Number of protein chains: 2
Amino acid sequence: MLDPNKNTIPRWVSLLYRYSQMYIGDRLKHFDIGRGQHIFLNSLYKEDGLTQEELSSYLKIDKGTTAKAIKKLEQQGYVTRKLRDDDKRSYHVFLTAKALEIREDVRAVLVEWRNILSQGFTEEEKQQAQLLLERMGTNAAHYIDTQKDQAGVCDESPHGR
Amino acid sequence: MLDPNKNTIPRWVSLLYRYSQMYIGDRLKHFDIGRGQHIFLNSLYKEDGLTQEELSSYLKIDKGTTAKAIKKLEQQGYVTRKLRDDDKRSYHVFLTAKALEIREDVRAVLVEWRNILSQGFTEEEKQQAQLLLERMGTNAAHYIDTQKDQAGVCDESPHGR
DNA sequence: ACTAACTAGTAGCAAATGCAACTATCTGAC
DNA sequence: GTCAGATAGTTGCATTTGCTACTAGTTAGT
């Protein structure tokens, strides 16, 4: 019999990801903000005026995906784009008044979700969880980025690191 | 109370999820196993002969998604389905010899990924990470399932779109 | 100044995913 | 038994996502 509680890290990660998308998507759908957009909106709430390239690299999301998400947010009136003066290839993405209006509501959803996830955690455990996730994320990002740089270079040693 | 610096758990989760999909998908693509299938294959390696419904509920993945993934695995010759005798609505999903042949390779990919994620972790930290993820996953599952049970009971506002 | 290499963003495709509507089977209340 | 409601699975649709190829603007080497 499969024991749902005993499993690998990748399975928990994928479960947490899908549930997060469900929860956040559900809580934001009355703003017409879909599952693909909230992550960008939240990044802009942290720092307005980022370029698409900066959003992509911060979130580690493909630039094509970013372009489509930003395009949709723009069509919905949540952001505007302004061509940079000093580099006509790139755009600054700015939040509109409409986006700023719902800022606290949107951020609150994330805080609520975080609280649901860490229910029953001590403050110390919350910090520990955040830290460990961060370290795993950094490890993953570092590995993937390294691989990408070496794409085409043969065989990797099974020793890793 | 909104704390702007404490809502990053969802961001790390989504990063870890996407990178996991990339890594595993990349390492399994020469078996023609796409990003959507490996999770089902691994569940069946744990326990063969599950029904689609059991797979869906174990992985918390939509039954439509499960149907499509299993269909693809069947077309590729990795699984066969057998109608249950005692319930003609459901199918047992069985691994084929072809799937069993690559079992260790496929499982090894998961182990490798876990090792990448926990690089630089002490044994204690690894266990801690696993445990905290598990607790967060359980919290999430519990919350979402509870919500689902209550859907339609009280609200059901016919307001969509 | 020229041009090759690089970079930001876009477009098109295919796969994956969730949801809702549907079919077929099963269960339980009567 | 019969029929309403639940359950397993399928299908169609819309959204999201990553990849690759492409355009246009920028940088650096000569």
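Protein chains get the first letters and strands the later ones, always in sequence-line order, with residue 1 at the start of each. Bear in mind the structure is a predicted one, so any value in this text is a computation, not a measurement.
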> Taking the side chain of B:Arg89 as its heavy atoms from C-beta onward, which of D:dG9, C:dA24, C:dG18 lies nearest to it?
Replying inline: C:dA24
> Which is true for B:Lys88 with a 4.0 Å heavy-atom rule: it touches a base, it touches only sugar-phosphate, or it touches nothing?
Replying inline: sugar-phosphate
>> Which nucleotide wins on minimum distance to the side chain of B:Lys63, given the candidates D:dT10, C:dA16, D:dG18?
In response: D:dT10
> Can you tell which of D:dC19, D:dT17, C:dG9 lies closest to the side chain of A:Ser90?
Replying inline: C:dG9
> Does a side-chain N-to-carboxylate-O contact under 4.0 Å join B:Glu123 and B:Lys126?
Replying inline: yes
>> From CZ of A:Arg18 over to P of C:dC19, roughly how many Å is that when rounded to an integer?
In response: 11 Å
>> Checking contacts here: which listed nucleotide (D:dG18, D:dG9, C:dA8) is nearest the side-chain heavy atoms of B:Glu53?
In response: D:dG9
>> Once you apply a heavy-atom cut-off of 4.0 Å, does A:Gln37 come out as touching a base, just sugar-phosphate, or nothing?
In response: sugar-phosphate
> Checking all strands, does B:Lys29 fall into the base, sugar-phosphate, or nothing category for heavy-atom contacts under 4.0 angstrom?
Replying inline: nothing
> Would one find a side-chain N or O of A:Gln21 under 4.0 angstrom from OP1 or OP2 of C:dA16?
Replying inline: no
>> What is the separation between atom OH on B:Tyr91 and atom C1' on D:dT7, rounded to the nearest whole Å?
In response: 14 Å
>> Base, sugar-phosphate or nothing for B:Gly64? Non-hydrogen atoms, less than 4.0 Å.
In response: base
> A:Leu41, A:Tyr91: one ILVMFWY side-chain cluster at the under-4.5 Å cut-off?
Replying inline: no
> When the distance from CG of A:Asp62 to C1' of C:dA14 is rounded to whole Å, what number comes out?
Replying inline: 14 Å
> Checking only heavy atoms, does the side chain of A:Lys68 share a donor-acceptor pair with the base of C:dG9 at less than 3.5 Å?
Replying inline: no
> If you measure from the Lys or Arg side-chain nitrogens to the Asp or Glu carboxylate oxygens, is any gap between A:Asp32 and A:Lys29 under 4.0 Å?
Replying inline: no
> In Å and rounded to the nearest 0.5 Å, what is the CZ to OG1 distance from A:Phe40 to A:Thr66?
Replying inline: 3.5 Å
>> From CG of A:Leu15 over to P of C:dT17, roughly how many Å is that when rounded to an integer?
In response: 13 Å
> So what does B:Asp87 hit on the nucleic acid, given a heavy-atom distance under 4.0 Å: a base, only sugar-phosphate, or nothing?
Replying inline: sugar-phosphate
>> Go through it in stages, so that I can follow the logic: the residues are A:Glu47 and A:Tyr58, the test is side chain to side chain donor-acceptor pair (under 3.5 Å), and I'd like the CA-CA distance, side-chain angles, deciding distance and then a yes or no.
In response: CA-CA 11 Å; A:Glu47 184 172 340; A:Tyr58 172 63; over 6 Å; no
>> Considering every strand and a 4.0 Å limit on heavy-atom distances, what is the contact class for A:Ser56: base, sugar-phosphate, or nothing?
In response: nothing
> Taking the nucleotide of DNA chain C with the closest heavy atom to each, which residue, A:Gln52 or A:Arg35, is nearer the 5' end?
Replying inline: A:Gln52
>> Using the side-chain heavy atoms of A:Arg81, tell me which of these nucleotides is nearest: C:dT17, C:dT10, D:dT17.
In response: C:dT10
> When the distance from NZ of B:Lys60 to C1' of C:dA16 is rounded to whole Å, what number comes out?
Replying inline: 21 Å
>> Considering every strand and a 4.0 Å limit on heavy-atom distances, what is the contact class for A:Arg84: base, sugar-phosphate, or nothing?
In response: nothing
> How close or far is atom C1' of D:dT17 from atom OH of B:Tyr19, stated in whole angstroms?
Replying inline: 14 Å
> For A:Ile61 and C:dA8, what is the distance between atoms CD1 and P respectively, to the nearest whole Å?
Replying inline: 17 Å
>> What contact category does A:Thr51 fall into here, base, sugar-phosphate, or nothing, at under 4.0 angstrom with non-hydrogen atoms?
In response: sugar-phosphate
> Among D:dA8, D:dT16, C:dA11, which is the nearest nucleotide to the side chain of A:Lys71?
Replying inline: C:dA11
>> I need the B:Asp62 CG to A:Met22 CE distance, nearest 0.5 Å.
In response: 7.5 Å
> Is it the case that one hydrophobic cluster holds both A:Val79 and A:Leu100, taking links as side-chain heavy atoms less than 4.5 Å apart, direct or via other members?
Replying inline: yes
> C:dA8 P sits how many Å from A:Leu83 CG, rounded?
Replying inline: 14 Å
>> With a 4.0 Å limit, can you tell me whether A:Tyr17 has a side-chain N or O closer than that to the phosphate oxygens OP1/OP2 of D:dT17?
In response: yes
> Closest to the B:Lys72 side chain: D:dT10, C:dA15, C:dT17?
Replying inline: C:dA15
>> Please classify the nucleic acid contact of A:Thr65 as base, sugar-phosphate, or nothing, using heavy-atom distances under 4.0 Å.
In response: base
